[in-house]
Structure formats: C-alpha cells, structure tokens
Amino acid sequence: MSERFAAGSGEDIRVEREGSVATLVVDRPAQRNALSIPVCERMHEIMDGIERDPGIRVLVVTGTGPKSFVAGADINELVAYTPALAYRHIEVGHTLFTRIENLHVPTIAAVNGYCLGGGLEIAMACDIRIASANAKFGLPEMNIGMVPGWGGTERLQRLIGQSRAAAMMLTGEMITSDEALANGLVYRLFDSVDALRAGTDELAAKLAGFAPLTMRATKEMIGMSAGLSPQQVLQRDAAMLAFLLTTTDAREGLTAFLEKRPARYTGE
Ligand SMILES: CCCCCCCCCCCCC[C@H](O)CC(=O)SCCNC(=O)CCNC(=O)[C@H](O)C(C)(C)COP(=O)(O)OP(=O)(O)OC[C@H]1O[C@@H](n2cnc3c(N)ncnc32)[C@H](O)[C@@H]1OP(=O)(O)O
C-alpha cells in the first residue's frame with residue numbers, strides 16, 4: 001500500500017504508479033493543497049502520459065493529508081489578477097477537469113480532507129468520490145467574492161440537485177462527509193484516512209480487474225446520455241452491447257460465470 005497520502009515529496013504534484021493504478025497526489029500542505037496554475041499545468045503533462053499508457057486502468061486523484069484534499073484554486077494567484085493570467089487560469093482548469101472527466105479509464109477522487117472550490121470541482125470531474133470522515137465539501141467562493149469558475153456550478157447541480165447545490169453555493173457553507181454521503185456526492189465513507197487509503201486501494205484494484213473495453217463503453221454511455229432522446233439512448237445502448245458481444249472479453253466474462261470461475265480479461 002503506497003504512502004500516497006504522505007506529504008513532503010518536495011513536488012507540489014506527483015504521480016504514483018502501483019500496477020495498473022495511477023495516483024495523482026497534490027502535495028502543497030502549507031497551502032492546504034491549493035491548485036496553482038503551475039500545479040494544473042504539471043497535471044496536464046501527467047495526463048499526457050496517463051492517456052497514452054495502455055497499462056493504466058484506473059486513475060486516483062487525492063491530496064496529502066491530514067487536513068486537506070484540495071482547498072481550491074490558489075487565492076494568492078487570484079488576488080494577483082491580470083487578464084492574461086486569468087484567462088490562462090480559467091483555460092488550464094477547464095481543460096484539465098474535462099480531460100479527467102473524459103478519461104477512458106475510471107477515475108476515483110479519494111477525499112481525505114477539505115474539498116473546497118476548485119478542489120470540489122476536480123473531485124466532481126472524477127467518476128467516483130470516496131472520502132474519510134474528516135472530509136468537508138463546499139463551493140465557498142461566495143465567502144471571498146468569487147464564483148466557482150471551473151465547472152462546479154453545473155456539475156454540483158447534476159450530482160446533488162439544484163436545490164441543495166444552490167444552497168451550498170449561495171451560503172458558501174461546507175457540508176460534512178456524512179451529508180455528502182447522504183446527498184450522493186460521495187459513494188463510500190471511511191472512518192479514517194488510513195481506512196480511506198485501504199479502501200481506495202481495494203476499489204481501484206476492483207475497477208482495474210474489469211474488462212477495459214466494457215469499462216470504456218460504460219463510461220462513454222454515462223457521459224453521452226445527456227442530450228439524447230430516450231429512443232436514442234436505447235439505440236446507443238443496443239449498439240454498444242452488440243459491439244461488446246463481439247469481443248473476447250465479453251465471451252470470457254459470460255463463460256467464466258457459467259463455469260463458476262473468476263474471469264481473466266485481456267482488453268480484447
Ligand atoms: C475568461 C477570462 C476571465 C477569467 C476571470 C477569472 C480568473 C480566475 C479563474 C480561476 C478559477 C478558479 C475556480 C475556483 O472555483 C475558485 C476557487 O477555488 S477560489 C478558492 C476556494 N477555496 C476557499 O475559499 C477555501 C479557502 N481556505 C479556507 O477556507 C481555509 O484555509 C481551510 C481550507 C478551511 C483550512 O483552514 P485552516 O486549517 O484553519 O488553515 P488556514 O486557513 O490557516 O490556511 C493554512 C494556509 O493555507 C493557505 N490556504 C488555504 N486555502 C488556500 C487557497 N485556496 N489558496 C491559497 N492558499 C490557501 C492559507 O492562506 C494559509 O496560509 P498561511 O497564512 O499559513 O501562509
């Protein structure tokens with residue numbers, strides 16, 4: 001089990017690799033892991049490698065504890081507003097979070113502390129959010145005269161509904177991990193950061209063990225449903241199933257069930 005939550009690597013952002021699981025670790029504890037432009041730009045470079053590596057089947061995003069996952073965009077940069085910097089800041093965040101959202105493998109946000117502003121926005125770009133009990137979630141930009149600028153207004157409404165999302169944004173209040181579990185923002189909650197670490201490893205290993213083509217197809221089906229009519233969704237699902245049934249992995253999965261043995265997927 002890696003010390004992926006450990007602070008002090010000297011780099012503000014690092015990527016760790018364990019088998020087919022890659023983990024992005026934001027490591028700026030003195031700034032509560034705030035996302036600066038250089039950190040976002042480095043994450044783009046890391047994503048270049050992850051997108052091209054067929055050996056990676058799961059991406060985990062987390063921060064070094066013990067207090068913070070990611071406490072938002074770097075306010076020190078926001079206060080140094082210049083049009084050029086601002087445009088670069090908006091662009092680098094939007095494109096980064098969209099890359100994470102559209103990644104061909106499943107993504108897990110392992111939330112081990114404050115998950116605020118841009119931190120909640122990157123967590124919502126992930127497919128699954130799991131958290132330790134100490135985690136707090138919010139879009140607190142209202143408290144500093146700002147607005148969520150990296151897609152959080154839309155993603156939060158989509159995940160927990162307009163009513164609760166509006167209340168969080170208009171009050172700038174944080175919610176607890178229990179509240180985030182109850183409203184569906186978080187899939188699974190762990191008693192401690194250590195338990196979250198173990199739970200992250202277990203969930204990542206499970207997702208990495210599934211058929212890669214099926215995982216990719218399911219992610220695309222989830223992402224593409226918005227904007228399609230019910231009839232188009234049914235046609236899309238039928239076409240995806242028909243394709244998957246021609247793959248070796250689908251035959252392996254079905255046969256393994258009938259033979260009462262674990263499936264061994266090859267990605268073909
Ligand atoms: C098209 C062109 C026009 C574009 C215009 C717009 C351009 C800019 C676009 C950027 C898009 C950003 C989008 C994003 O949605 C916006 C944000 O994320 S804004 C930030 C939101 N987050 C917050 O408001 C949280 C702020 N932090 C806190 O509330 C608290 O720090 C905490 C997280 C609750 C932790 O509290 P404590 O444990 O008590 O710790 P401290 O408060 O003492 O903090 C310790 C230390 O960390 C520093 N720090 C904390 N958060 C940040 C941060 N987000 N950025 C920078 N630094 C942070 C804090 O200052 C302390 O530092 P120290 O004083 O010790 O030097």
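Just so we're clear, the structure is a prediction, and the values are computed from it rather than from any experiment. For ligands, and for the atoms within them, numbers begin at 1 and follow the listed sequence.
In terms of protein heavy-atom proximity, atom 1 (C) of ligand 1 is closest to Y87 CD1, 3.7 Å. Of all protein heavy atoms, the one lying nearest to atom 58 (C) of ligand 1 is Q31 O, 3.6 Å. Among all non-hydrogen protein atoms, the one lying nearest atom 14 (C) of ligand 1 is E121 OE1, 3.4 Å. Nearest to atom 7 (C) of ligand 1 among the protein's heavy atoms is A86 CB, 3.4 Å. The protein non-hydrogen atom at the shortest distance from atom 29 (O) of ligand 1 is L116 CD1, 4.5 Å. At the shortest separation from atom 8 (C) of ligand 1 among protein heavy atoms lies L78 CD2, 3.5 Å. For atom 59 (C) of ligand 1, the closest non-hydrogen atom on the protein side is A30 O, 4.9 Å. The protein heavy-atom contact nearest to atom 22 (N) of ligand 1 is A71 O, 2.9 Å.
For R99 and E101, the salt-bridge test fails: no basic side-chain N is under 4.0 Å from an acidic carboxylate O. Taking a cutoff of 4.0 Å between a charged side-chain nitrogen and a carboxylate oxygen, R264 and D249 do not qualify as a salt bridge. At a threshold of 4.0 Å, the pair R216-E220 counts as salt-bridged, since one of the basic side-chain nitrogens sits closer than that to a carboxylate oxygen. Between R42 and E45, at least one side-chain N (NZ, or NE/NH1/NH2) sits under 4.0 Å from a carboxylate O, which counts as a salt bridge. The residues E252 and R261 are annotated as salt-bridged, a charged nitrogen and a carboxylate oxygen being separated by less than 4.0 angstrom.
In this structure, G152 has no heavy atom closer than 4.0 Å to ligand 1. The closest approach between any non-hydrogen atom of I144 and ligand 1 is below 4.0 Å. At least one heavy atom of P148 sits closer than 4.0 Å to an atom of ligand 1. Using 4.0 Å as the threshold, S68 has no heavy atom nearer than that to any atom of ligand 1.
Proximity of A34 to ligand 1, defined as any heavy-atom pair under 4.0 Å, is confined to the side chain (atoms from C-beta onward). By the criterion of a heavy-atom distance under 4.0 Å, the side chain of E141, and not its backbone, is placed next to ligand 1. By the criterion of a heavy-atom distance under 4.0 Å, neither the backbone nor the side chain of L139 is placed next to ligand 1. Proximity of E91 to ligand 1, defined as any heavy-atom pair under 4.0 Å, is not found for any part of the residue.
Under a 4.0 Å criterion applied to the non-hydrogen atoms of P140, ligand 1 contributes the atoms 22 (N), 23 (C), 24 (O). Here is the list of ligand 1 atoms found below 4.0 Å of a heavy atom in G118: 14 (C), 15 (O), 17 (C), 18 (O). Proximity to M174 (heavy-atom distance under 4.0 Å) selects the following atoms of ligand 1: 34 (C). Residue-ligand proximity, K67 to ligand 1, at heavy-atom distances under 4.0 Å covers atoms 38 (O). Interface atoms of ligand 1 facing G72, defined by a heavy-atom separation under 4.0 Å, are 18 (O).
In terms of polar-atom proximity, defined here as any N/O pair under 3.5 Å, I90 makes no such contact with ligand 1. At least one N/O-N/O distance between R32 and ligand 1 falls below 3.5 Å.
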Intermediate values then yes/no, side-chain contact (heavy atoms from CB on, under 4.5 Å), T200 and R197: CA-CA 5 Å; T200 302; R197 187 184 296 141; 5.7 Å; no
Salt bridge (Lys or Arg N to Asp or Glu O under 4.0 Å) evaluation trace for E173 with R164: CA-CA 11 Å; E173 292 173 350; R164 283 184 282 213; over 6 Å; no
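For atom 54 (N) of ligand 1, the nearest protein heavy atom is under 4.0 Å away. Within a 4.0 Å radius of atom 63 (P) of ligand 1, the protein contributes no non-hydrogen atoms. Distance screen at 4.0 Å: atom 43 (O) of ligand 1 has no protein heavy-atom neighbour inside the cut-off. Under the 4.0 Å distance rule, the nearest protein heavy atom to atom 47 (O) of ligand 1 falls inside the cut-off. Taking a distance limit of 4.0 Å, we find that atom 19 (S) of ligand 1 is approached by some protein heavy atom.
No hydrogens or angles considered: a donor-acceptor pair under 3.5 Å links the side chains of Q232 and S229. In the model, D27 has a side-chain atom that pairs as donor or acceptor with a side-chain atom of T64 under 3.5 Å. A donor and an acceptor atom, one from each side chain of N112 and S132, are nowhere located under 3.5 Å apart.
In the hydrophobic clustering of this structure, M146 does not group with M174; members are Ile, Leu, Val, Met, Phe, Trp, Tyr whose side-chain heavy atoms approach within less than 4.5 Å, directly or through other members.
Inter-residue side-chain proximity for L189 and I130 is flagged as unmet; no heavy-atom pair is nearer than 4.5 Å. The closest side-chain heavy-atom distance from V61 to T107 is not below 4.5 Å. Contact annotation: the side chain of I56 approaches that of D53 to within less than 4.5 Å [non-hydrogen atoms, C-beta and beyond].
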Could you pull out every donor-acceptor pair under 3.5 Å between side chains of residues 135-143 and any protein atom, sequence neighbours left out?
residue : atom : partner : partner atom : Å
N143    : ND2  : P140    : O            : 3.3
N143    : ND2  : G172    : O            : 3.0

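Residue I13 forms a side-chain contact (heavy atoms from CB on, under 4.5 Å) with just one option from E41, M43, R28, and that option is M43.
For atom 57 (N) of ligand 1, the choice among T82, N76, V92 with the nearest heavy atom turns out to be N76.
Enclosure of atom CD in E259 by more than 12 non-hydrogen atoms of other residues, nucleotides or ligands within 6.0 angstrom is indicated.
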